Amino acid sequence: MVDMSAKIGSLILRNPVMTASGTFGSGREYARFVDLEKLGALVTKGVSLRPWRGNSSPRIAETASGMLNSIGLQNPGVEVFCERDLAWLADIDVPVIVNVSGHSVEEYVAVIERLEREKSVAAYEVNISCPNVDAGGMAFGTECAPAAEVTRACRRASSRPLIVKLSPNVTDVAAIAKAVESEGADAVSLINTLLGMSIDASTRRPRLARVVGGLSGPAVKPVALRMVWQVAAAVRVPVVGMGGIMSAEDAVEFLLAGATAVAIGTANFVDPASTTRILSGLEAYCRDNAVERVADLTGALVTEG
Amino acid sequence: MVDMSAKIGSLILRNPVMTASGTFGSGREYARFVDLEKLGALVTKGVSLRPWRGNSSPRIAETASGMLNSIGLQNPGVEVFCERDLAWLADIDVPVIVNVSGHSVEEYVAVIERLEREKSVAAYEVNISCPNVDAGGMAFGTECAPAAEVTRACRRASSRPLIVKLSPNVTDVAAIAKAVESEGADAVSLINTLLGMSIDASTRRPRLARVVGGLSGPAVKPVALRMVWQVAAAVRVPVVGMGGIMSAEDAVEFLLAGATAVAIGTANFVDPASTTRILSGLEAYCRDNAVERVADLTGALVTEG
Amino acid sequence: MCARAEDAALLERMEVLANDRICEGVGIVTLAAPRIAASVRPGQFVHLKVGSGTSVLLRRPFSVHRASGDAIEILYQVLGRGTRELSLRGAGDALDAIGPLGNGWTMPDGLTHALLVAGGLGAAPMGMLAERLSQRGVAVSFAQGAPNVSRLVARGLFESVSRRYECSTDDGSEGSRGLVTEVSARLLEAHPPDIVYACGPEAMQRAVASQALAAGVPCQVSLERLMACGVGACLSCVVGTVRGPERACFEGPVFDAADVLWDPSEIPPGH
Amino acid sequence: MCARAEDAALLERMEVLANDRICEGVGIVTLAAPRIAASVRPGQFVHLKVGSGTSVLLRRPFSVHRASGDAIEILYQVLGRGTRELSLRGAGDALDAIGPLGNGWTMPDGLTHALLVAGGLGAAPMGMLAERLSQRGVAVSFAQGAPNVSRLVARGLFESVSRRYECSTDDGSEGSRGLVTEVSARLLEAHPPDIVYACGPEAMQRAVASQALAAGVPCQVSLERLMACGVGACLSCVVGTVRGPERACFEGPVFDAADVLWDPSEIPPGH
Ligand SMILES: Cc1cc2nc3c(=O)[nH]c(=O)nc-3n(C[C@H](O)[C@H](O)[C@H](O)COP(=O)(O)OP(=O)(O)OC[C@H]3O[C@@H](n4cnc5c(N)ncnc54)[C@H](O)[C@@H]3O)c2cc1C
Ligand SMILES: Cc1cc2nc3c(=O)[nH]c(=O)nc-3n(C[C@H](O)[C@H](O)[C@H](O)COP(=O)(O)OP(=O)(O)OC[C@H]3O[C@@H](n4cnc5c(N)ncnc54)[C@H](O)[C@@H]3O)c2cc1C
Ligand SMILES: Cc1cc2nc3c(=O)[nH]c(=O)nc-3n(C[C@H](O)[C@H](O)[C@H](O)COP(=O)(O)O)c2cc1C
Ligand SMILES: Cc1cc2nc3c(=O)[nH]c(=O)nc-3n(C[C@H](O)[C@H](O)[C@H](O)COP(=O)(O)O)c2cc1C
Ligand code: FES
Ligand code: FES
């Protein structure tokens, strides 16, 4: 039997396969395809203090081996989220990590304060890297000082495990990871989407109503792996790796690069059973390669010789 | 008849389709597949003062809709380049843009000084964005001050058109574009490759000997288009757009986003006749859409309504 | 111990039984799909993986045009990469499908006369609807529009199950020359129905909806949005409604026209 | 007014005439290629676009195993995505190819006896070579190694054109149990050839080369590198030589073993 457990701060997951925020709703829609109780953790879509309407349509565009989205964190606000999504999740035995958004430091904190009253929250993922909202979002995640500030404020608001989600749209992702680590983040997750654009040559218009959006899927995997590798070398806290993971092999690559857990995003749209398929594949990889603890893969990339 | 000419500073090209540095050698190898005299310009591989051996093998890895390379600017040095490559090109009626590399500002300048003695050089493309060499390379291209410094020194060394090639591995590409523009760059070109990584899960090793390399091909197109759009909005000098262009439609998209010319890179490996195929397609697009001057497409993206 | 499995397995591989070109750029693919054929309601869709590899990454939604026996038919138009891939599949190939998905057309009790308005490929989700209505003894009036006569797709089916069939073409090669909204306006006035069902380009649906609502006739529309997940999770596909943004793949694709906010700026936040 | 067209058009679409599996994971694809069949020299390769779409983006190099009449044969092993795609092509499909490319084996005048050493798929570029040598009246000794008897690919061909054929398998299921380098060492000593040709895993080629050079026999090796352009432009495929880095796709893939710097740290800069 392979020991599949993964440790993110004080949180012990039964396995390292999580969902990527915004690609799995609050799990309800995918319960028809996967057994949610098998997941390492369920990361919810982004939640803000008040309802956000999100961006106009079209909100997605397909690109070569990838997709752009400009959903814009549409969500009903933390109150409805607690009443509806968390209430539904309460009966399901899976660690719930709530992805938190805000336009200002105060808003991030207010969302967390409301969520502190909910028993079923296992951890927070603070999204300082959404490219699809004007204020807040990515603005916090592209420089060290604001990233540190949001982290400090969220840290003060909760003693639950705090994961900070990093933007890939930066010159030095390791520096930002170090900044949030030093303010008490228990883990970092990356990558959020790469800012991109798509144009329809025949209409001469952008394919997204918002013009730009976030690139995800297999196309970004090489960039994601590189950033996970750089960040894992720079910080001591665990790294949750994501970006284009479609298969168990992809997941292994992220672990080797230094991730302690992985998140599955765009793959869910292609194969709604991706998460559990990847989980079984990962377990099989460990078995076939005499890996006793999946944690032994973390950072096990061989770079010499 | 469509007017296909493109203007890059004082340089008037017969059309806006150029080759991307490092993907077309000095043209000789592709002369078997395309009529070099049809190209808007031929951009050579990177040239440094002394010979560079480049990186160990493997130097490439295929990724989803893309490839990583870590060639490392292997080249025989500017002297051999002039004697061999420029001499061969002298008989061919195509504007030659020499891509210039260096480990230090002095080296960039020394390369240009040597090239100033060569009549057949139409312009320089200063590569401050190669992710595959340790000193120099991308280091100059990821912050404004060194980018400006290299540009200033190269500007002083020549009155020929100076194109500065920008790195996409930055938080704010428009700021760097503005910095080099204000030091006298006649144009900017982008994107160079995105820093990425690939791992073989079965051997647990990086697929590239150098571990990291530069991502190119269709996978990066959305990021490239977004950056071209951002830069074109920020500077007044012309922009040469590239990154994943495989078809005439792709080329149109870059023009609409604000590029004055485009460069074809990885596509040459897939279809060695890509450049001229894209050129004919671009001309056909103009004809079919009653575009009289290809220059009218530059920045013609419709974003309202 | 499947937690909260709300439904039976929706994901399966289906064999292509036939793939026939019916006119320039339009085809019908027939899939072996006993489970879906037995359970699908008119207006629902399947979410198909049309390509292999990752270069056409996302699935594509297609209405179930007809269901009979163990098979379903999909009527498709080749528009881009995904539908080109679909057109290349032949008998014996397998396609990965999720479905049936979404909420289809509602057929209220007591209907006696329905007007169906289809523009272009808007005919796709109308096949099963027209058949079921006529099976229930509801009189069907059908208004169909297309660029030209050869593009009046599934016309034979529609004529056979309709009490009244009228069409228009852009080039006048069949029926009246002009827009199908002129036909629907005429039929609405001449033979007032209990309900109007519309599908086609959004501008057409909007126009038909306002004709119907102005005449005091309830109207349903089937709205198209680009869809990533197809199952309600990603919010790619929202439609503005008086209740807030709703998902075309989940609450839709069929909406009561009276609830739809056609102009994005009217949409209130929240969900 | 094609400037400096150094060669005839090298790019064409070829029809697949057959694609036969010859053992687990290994196949031979036969392509209609009159131009290449007429001009290819042993050891040259073609650069094939094996997939459609961009998900397998780059071409893959394959040696021309045999050329006869208007057709060429490619012997391939399914290793990854590209070769899997290749294995799915069937008669009637078309493949986009560039070739013939590279410099093949050199057959110096006056040869009387050549030793060919093939490990695994290293047999691929040896087919034409063995045939041409025997057509010229050169005595061929052949040492072939493989994991097991079924993987001794093209063995029938090699046996038929060789004066002497010996093999080894990892599992001893045929020939001697062990490495092909033991066979080559034995043959080198027992029947000294004028030249050695080697192809297979790089460690094997390196070992054979040092055996040959130690015995004072010239040796040629065919080196594999990952290739992007295949035509000499991108420098993906360099091999360290005493003359500086050279391109496997252009100066190679066949190199004089005496010129090869096997250890990357020995490679001088420049080109
Ligand atoms: C619920 C639903 C049911 C559908 N049923 C059918 C059906 O029965 N038959 C059928 O042929 N099509 C149907 N469609 C539309 C079908 O999914 C799209 O035509 C298809 O996705 C186009 O894919 P493509 O890969 O060929 O085009 P792409 O390469 O994705 O795009 C080609 C062009 O088509 C446009 N386009 C893509 N998707 C849509 C869309 N959904 N609506 C309008 N324009 C689009 C793109 O913007 C682009 O200009 C349905 C869509 C929805 C949402
Ligand atoms: C000049 C030349 C001639 C060749 N001739 C033949 C031939 O006749 N028959 C044949 O089967 N193969 C031949 N090859 C190798 C063939 O090109 C590769 O096996 C093929 O590229 C693997 O592609 P893939 O897409 O299946 O594997 P990928 O998905 O690209 O890779 C799968 C695995 O194979 C490894 N791999 C990929 N390419 C090579 C390579 N060139 N050498 C060693 N390992 C590799 C990868 O690292 C990876 O581990 C030749 C290569 C060269 C350079
Ligand atoms: C449709 C969509 C919506 C997303 N919404 C969120 C979000 O609300 N919060 C967040 O932190 N990341 C969000 N992301 C980013 C993903 O969580 C993930 O970081 C990214 O997509 C890369 O992983 P992938 O390539 O596996 O999808 C979203 C991504 C997609 C595709
Ligand atoms: C093999 C290879 C070598 C390259 N060498 C150089 C170089 O020497 N100098 C340079 O400025 N860019 C170099 N580039 C970057 C390309 O010029 C181009 O910016 C990049 O590949 C994006 O375009 P593409 O996606 O069309 O390839 C190289 C790219 C590749 C793939
Ligand atoms: S397509 Fe994902 S919610 Fe509708
Ligand atoms: S593969 Fe490009 S130089 Fe050899």
Side-chain angles (χ1 to χ4, degrees), chain A residues 19 22-38 45 50-67 69-77 80 84 88-89 91-94 207 209 217-219 244 246 265-273, chain C residues 1-12 47-60 79-82 96-99 101 202 223-240 244-250 263-271:
Chain A
T19 58
T23 66
F24 207 75
S26 290
R28 191 168 191 153
E29 291 81 11
Y30 281 102
R32 295 177 288 172
F33 302 99
V34 297
D35 179 351
L36 301 180
E37 301 194 340
K38 286 207 171 136
K45 64 180 165 185
R50 265 170 273 280
W52 285 5
R53 88 162 46 151
N55 296 313
S56 305
S57 292
R59 289 177 166 190
I60 57 166
E62 196 179 54
T63 66
S65 297
M67 65 175 285
N69 89 79
S70 60
I71 308 299
L73 292 177
Q74 175 189 327
N75 81 94
V80 174
R84 200 185 53 188
W88 185 83
L89 279 166
D91 292 341
I92 298 182
D93 179 22
V94 66
R207 287 189 190 269
M246 304 295 282
T266 302
N268 293 302
F269 307 156
V270 180
D271 169 11
Chain C
M1 44 150 268
C2 179
R4 303 280 175 287
E6 297 183 337
D7 230 305
L10 292 176
L11 179 64
E12 61 179 281
H47 210 29
L48 293 183
K49 180 89 182 90
V50 289
S52 59
T54 60
S55 59
V56 179
L57 185 65
L58 297 173
R59 289 171 181 270
R60 299 289 192 269
L79 274 182
R81 302 185 302 164
D96 201 68
I98 308 176
L101 293 171
E202 189 149 322
L223 297 177
E224 274 196 19
R225 289 291 181 274
L226 298 181
M227 293 180 174
C229 73
V231 300
C234 72
L235 308 182
S236 297
C237 64
V238 292
V239 168
E246 292 191 338
R247 296 159 294 185
C249 70
F250 202 83
D263 187 343
S265 65
E266 300 172 74
I267 305 172
H271 176 54

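Letters A, B, ... mirror the listed sequences (proteins, then strands); counts begin at 1. If you're wondering where the values come from, they're calculated on a predicted model, not measured in any experiment.
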Distance from [X] atom [atom1] to [Y] atom [atom2], nearest 0.5 Å?
{"X": "A/Arg32", "Y": "C/Ile98", "atom1": "CZ", "atom2": "CD1", "answer": "9.0 Å"}
{"X": "C/Cys234", "Y": "A/Met67", "atom1": "SG", "atom2": "CE", "answer": "6.0 Å"}
{"X": "C/Leu101", "Y": "A/Glu29", "atom1": "CG", "atom2": "CD", "answer": "12.0 Å"}
{"X": "A/Asn69", "Y": "C/Ser236", "atom1": "CG", "atom2": "OG", "answer": "7.0 Å"}
{"X": "A/Gln74", "Y": "C/Leu235", "atom1": "CD", "atom2": "CG", "answer": "4.5 Å"}

(message) Heavy-atom cut-off 4.5 Å, strictly under: side chain, backbone, both or neither for A/Thr63 against chain C?
(response)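 Backbone of A/Thr63 only, per the 4.5 Å heavy-atom cut-off to chain C.
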(request) Name the region of A/Ser57, side chain, backbone, both or neither, that has any atom closer than 4.5 Å to a heavy atom of chain C. (result)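 It is the side chain, since no backbone atom gets that close.
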Quick one, [X] and [Y] - any side-chain contact, counting heavy atoms below 4.5 Å?
{"X": "A/Arg53", "Y": "C/Val238", "value": "no"}
{"X": "A/Pro272", "Y": "C/Leu11", "value": "yes"}
{"X": "A/Arg59", "Y": "C/Leu226", "value": "no"}

(request) Sequence neighbours left out, what passes ring pair (Phe, Tyr, Trp, His ring centres under 6.0 Å) with A/Phe269? Give chain and number order. (result)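 By the ring pair (Phe, Tyr, Trp, His ring centres under 6.0 Å) rule, A/Phe269 matches no residue at all.
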(request) For C/Ala228 and A/Ile60, work out which heavy atoms get closest and say how close. (result)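 So the two residues come closest at N-CD1, 3.6 Å.
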